[in-house]
Amino acid sequence: MDEKQRVATALAKALPEMEIADIADKIERPKDAKNGDYAFPTFFLAKTLHKAPQMIASDLVEKVDQQGFDKVVVAGPYINFFLDKAGVGSDVLKEILNDPEHYGDLDLGHQANVTIDYSSPNIAKPMGMGHLRSTMIGEAVARIMEKVNYNLIRIDYLGDWGTQFGKMMAAYKMWGDEPDVQKGLKEDPIDTLVKLYVRINTEADEHPEYTEAGRAWFAKLEHGDEEAWKLWHWFREMSLQRFQRVYDMLNVHFDSFNGEAFSAQKMDEPIQLLKDKGLLKESRGAQIVDLDHYKLPPLLIIKSNGTTTYITRDLATALFRKRMYGHAKSLYVVGADQETYFRQLRMALKEMGFNWWDQITHISFGLMNLNGKKMSTRKGNVVSLEDVLNDSIDLARKQIAEKNPDLKNADEVAKQVGVGAVIFHDLKNYRRNAVNFKLEDVVKFEGETGPYVQYARARAESILRKGGIQDFSNVDLTKVGDSAWDLISFLGQYSEAIKRAALNYDPSVVAKYALELAKKFNQYYAHTRILDEDEGQRARLALTQAVSNVLKSALNLLDIQAPDEM
RNA sequence: GGAACGGUAGCUCAACUGGAUAGAGCAUCGGUCUUCUAAACCGAGGGUUGUGGGUUCGACCCCCACUCGUUCCA
């Protein structure tokens, strides 16, 4: 950023009629390093100056202040700027080494509150691979937002309310005493409850009274019946314990688990508001909010049978969060199938007169398929998230046994690498792309993967252990040599990547940055002997330390651990 | 029927705001471990960016039409 300003300032002297900000706007970063570090295209001046861009470029370069650059040259219609490698390079390294934790920090948020709603599984069901997306995209976005100085409130909006729990209670009351059910509840309560739920649903075809019993139990729950509440509470606690196991593996922690049940108690307010504003319309016996003028389908608030829908709960949730947290942004990390719905929700809030409707952002992501089909608990084509994580950890353990058998904390590292591979695989692509689940892809450790990044850093750390210098404050950092420039220049672009990731709520920007940095380091490593005992050694070690720091920071933004050895 | 999102190498994906020869990984073929961890590095082949038009000095990117895929719409 600073460097770009420098280029713009240098150009400003040759272009007195242009605003410096407009000049900066035109400056770009060449893809090919041979075209310098920054470039200024002159096409847009051709019309006003009535000259060919090539001519403009060569005229302009004469007037550009070349002070502080390695060189400034004309390349056809472009002016290419080559930065002072030694000077800029040592500045970048110094900045990283001075405060590795905060390198790349930006202040976009000024500590404003941001709520982020993610993961949000349904209770009494196991977490499937499908939940990984919301959970990891949410966590990574939260970390990126913190990095640009927002204050994050992490909310796991549990699906803990609905008629299905009435059915589950009915099933439990009917069959809970059976010996194998008793046994199952001890060994794997969630799994057993799901089985009971499936059983009551299938048998309900022949026994309509089962459906009636489910409805009755849900009604009891709604009216605060003690036994129903106890059962509900028990389902919820067991589920949370089970979820926590996965969240611990993934290193994800929430500030609130207020879910649908919590919001279900607050539905009077939004309904009253909709009535007061005259937004409720009768249509086919139901109460709707008409959104035709937004080219959106109507929002169904009260069904023809008189019951409310999850929409009312979501409105109540939005009101509650605004009041409770005074957020500047309210983020929802939810699948792409809900896109229309979130548009409706935003417009409904707008209609209700809340000027903060546009603080709500749906961070949409492509759904995960299995063999081209939607994953669904009901249809039985789910892959257990915990199983995949454990598979990946086992594989990592085997690799370690093979490649680094003397590693001391092999178990811990296997966890970091195995889980890291799964997380990275989920985050490396643009979030809106749909993903087809393939275990062999998820647990791959070679090429563009999490372990690739971790490995690059582990190698760096290995060198640092051998190099034995901890304090680089007195090292002449200009001595790294020009061959390190590609790497250093890229280190300098970290905060640009973070900014783009934050503005687009897109962790894949950080993942790609980490991959690219790891790759550049691996290339450097393969061609330069860092520990050679010459005058540049200490500077090269400083560079190695800086790379390790930034890799660790980037991995941390993605919620991936960075082992020192692997 | 209406709407949203997508279509780039055999496969999975990049390409920042429209910019220089559309790039990676996997897979395939070939090379590199007595020297800082080969989970790595180097090289080769592989493309009418779904199709047709348009805007522009310049289009994977913007506009129009069509087409295929996914998803949403009591």
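Just so you know, these numbers come straight off a predicted model, no measurement behind them. Chain letters run A, B, ... following the sequence lines, proteins first and then strands; every chain starts at 1.
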With the threshold set at 4.0 Å, does a side-chain nitrogen-carboxylate oxygen contact exist between A:Asp105 and A:Lys147?
yes
Please tell me which of the listed nucleotides, B:rC5, B:rU71, B:rC42, lies nearest to the side chain of A:Lys374?
B:rU71
Give A:Ser283 one of three labels, base, sugar-phosphate or nothing, depending on what nucleic acid heavy atoms sit under 4.0 Å from its own.
base
Take A:Leu531 and A:Leu367, find for each the nucleotide of RNA chain B with the closest heavy atom, and name the residue whose nucleotide sits nearer the 5' end.
A:Leu531
Atom P, compared across B:rU8 and B:rU48: separation rounded to whole Å
12 Å
Mind checking A:Val509 for me? I need base, sugar-phosphate or nothing, with any heavy atom below 4.0 Å counting as a touch.
nothing
Taking the P atom in each of B:rC13 and B:rG7, what is the distance between them to the nearest angstrom?
10 Å
Since syn is defined as within 90° of 0, does B:rC33 count as syn or as anti?
syn
Using the C1' atom in both, what is the distance from B:rU21 to B:rA15, to the nearest Å?
14 Å
With a non-hydrogen cut-off below 4.0 angstrom, is A:Asp337 in contact with a base, only sugar-phosphate, or nothing?
sugar-phosphate
Can you tell whether the side chains of A:Glu565 and A:Lys408 come within less than 4.0 Å, N to carboxylate O?
yes
Between B:rA4, B:rA14, B:rA38, spot the one nearest the side chain of A:Arg343, thanks.
B:rA4
Centroid distance under 5.5 Å and plane angle under 30°, A:Tyr452 vs B:rA39:
no
Rounding to a whole Å, what distance do you find between A:Lys444:NZ and B:rC11:P?
15 Å
Between the side chains of A:Asp532 and A:Arg540, is the shortest nitrogen-to-carboxylate-oxygen separation below 4.0 Å, so that they form an ion pair?
no
With heavy atoms under 4.0 Å as the rule, sort A:Lys303 into base, sugar-phosphate or nothing.
nothing
Record whether the side chain of A:Lys4 comes under 3.5 Å of the base of B:rU17 through a donor-acceptor pair of N or O atoms.
yes
At under 4.0 Å between heavy atoms, what does A:Thr528 touch on the DNA or RNA strands: base, sugar-phosphate, or nothing?
base
Should A:Asp411 and A:Arg397 count as an ion pair when the cut-off is N to O under 4.0 Å?
yes
Applying a 3.5 Å limit to both distances, which nucleotide forms a Watson-Crick or G-U wobble pair with B:rG10?
B:rC26
Whether A:Gln523 contacts B:rC42 is assessed here as follows: a side-chain N or O lying under 4.0 Å from the phosphate OP1 or OP2. Is that the case?
yes
Does a nitrogen or oxygen in the side chain of A:Lys398 sit under 4.0 Å from OP1 or OP2 of B:rA39?
no
Within the structure shown, what part of the strands sits under 4.0 Å from A:Asp25 by heavy-atom distance: base, sugar-phosphate, or nothing?
base
Below 3.5 Å, does any donor atom in the side chain of A:Ser508 face an acceptor in the base of B:rA14, or the other way round?
no
Give none if B:rC72 has no partner; otherwise give the nucleotide forming a Watson-Crick or G-U wobble pair with it, both distances under 3.5 Å.
B:rG2
Could you tell me how far B:rG19 sits from B:rG58 if I compare only their P atoms? Round to whole Å.
14 Å
Under 4.0 Å, counting only non-hydrogen atoms across every strand here, what does A:Pro53 touch: a base, just sugar-phosphate, or nothing?
nothing
Could you work out which one of B:rG25, B:rA20, B:rC36 sits closest to the side chain of A:Glu448?
B:rG25
Looking only at the side chains, is there a donor atom on one of A:Ser120 and A:Asp117 sitting less than 3.5 Å from an acceptor on the other?
yes
May I ask you to say what A:Ala52 touches in the nucleic acid, namely base, sugar-phosphate or nothing, with a heavy-atom cut-off under 4.0 Å?
nothing
If you look at every strand shown and take non-hydrogen atoms under 4.0 Å, does A:Ala497 touch a base, only sugar-phosphate, or nothing?
nothing
Verify the contact: side-chain N or O of A:Arg465 to OP1 or OP2 of B:rU37, cut-off strictly under 4.0 Å; return yes or no.
no
Between B:rC33 and B:rA39, how far is it from one P atom to the other, in whole Å?
15 Å
Assign A:Tyr430 to base, sugar-phosphate, or nothing according to its heavy-atom contacts below 4.0 angstrom with the strands shown.
sugar-phosphate
Expressed in whole Å, how much space separates the P atoms belonging to B:rC62 and B:rG18?
8 Å
Is A:Arg432 touching bases, backbone alone, or none of the nucleic acid, heavy atoms closer than 4.0 Å?
sugar-phosphate
Between A:Thr340 and B:rC73, is there a contact of a side-chain N or O with OP1 or OP2 at under 4.0 Å?
no
Would you indicate, yes or no, if B:rC57 has its OP1 or OP2 atom less than 4.0 angstrom from a side-chain nitrogen or oxygen of A:Lys47?
yes
B:rC60 versus B:rU49 - spacing of their C1' atoms, nearest Å:
5 Å
Of all the nucleotides listed (B:rC42, B:rA74, B:rU37), which has the minimum atom distance to the side chain of A:His527?
B:rC42
Short side-chain N/O contact to B:rA24 OP1/OP2 from A:Lys519, under 4.0 Å
no
Pairing check on B:rU49: which nucleotide meets the Watson-Crick or G-U wobble criteria with it, both distances under 3.5 Å?
none
If you compare every side-chain N and O of A:Asn522 against the phosphate oxygens of B:rA39 (OP1, OP2), does one of them come in below 4.0 Å?
no
Salt-bridge contact A:Arg500-A:Glu496 (side-chain N to carboxylate O under 4.0 Å)
no
Does A:Lys403 have a side-chain nitrogen or oxygen under 4.0 Å from the phosphate oxygens OP1 or OP2 of B:rA39?
yes
Partner lookup for B:rA39, please. Criteria are Watson-Crick or G-U wobble with both distances under 3.5 angstrom; report none if nothing qualifies.
none
side-chain contact (heavy atoms from CB on, under 4.5 Å) with A:Gln545: of A:Val475, A:Ile96, A:Val550, A:Leu464, only one passes, and it is A:Leu464
Between A:Arg29 and A:Tyr38, is any side-chain donor less than 3.5 angstrom from a side-chain acceptor?
yes
Mapping A:Gln399 and A:Arg500 to their closest nucleotides on RNA chain B, which lands nearer the 5' end?
A:Arg500
One thing to verify: whether A:Arg133 and A:Asp426 come together as a salt bridge, which I'm taking to mean a side-chain N less than 4.0 angstrom from a carboxylate O.
yes
Suppose we call a contact any N or O donor and acceptor under 3.5 Å apart; does that hold for the side chain of A:Asn80 and the base of B:rA20?
yes
Indicate, with a heavy-atom threshold strictly under 4.0 Å, whether A:Leu45 touches base, sugar-phosphate, or nothing.
nothing
Assign A:Ala46 to base, sugar-phosphate, or nothing according to its heavy-atom contacts below 4.0 angstrom with the strands shown.
nothing
For the P atoms, the ones on B:rU35 and on B:rG47, what distance do you get once it is rounded to whole angstrom?
40 Å
B:rU55 -> Watson-Crick or G-U wobble partner, both distances under 3.5 Å, gives none
Less than 5.5 Å between centroids and less than 30° between ring planes, does A:Phe43 satisfy that with B:rG19?
yes
At under 4.0 Å between heavy atoms, what does A:Gln338 touch on the DNA or RNA strands: base, sugar-phosphate, or nothing?
nothing
Under a plain distance cut-off of 3.5 Å, with no hydrogens placed, do A:Tyr524 and A:Asp486 share a side-chain donor-acceptor pair?
no
Once you round it to whole Å, what is the distance between P of B:rA39 and CD1 of A:Ile560?
19 Å
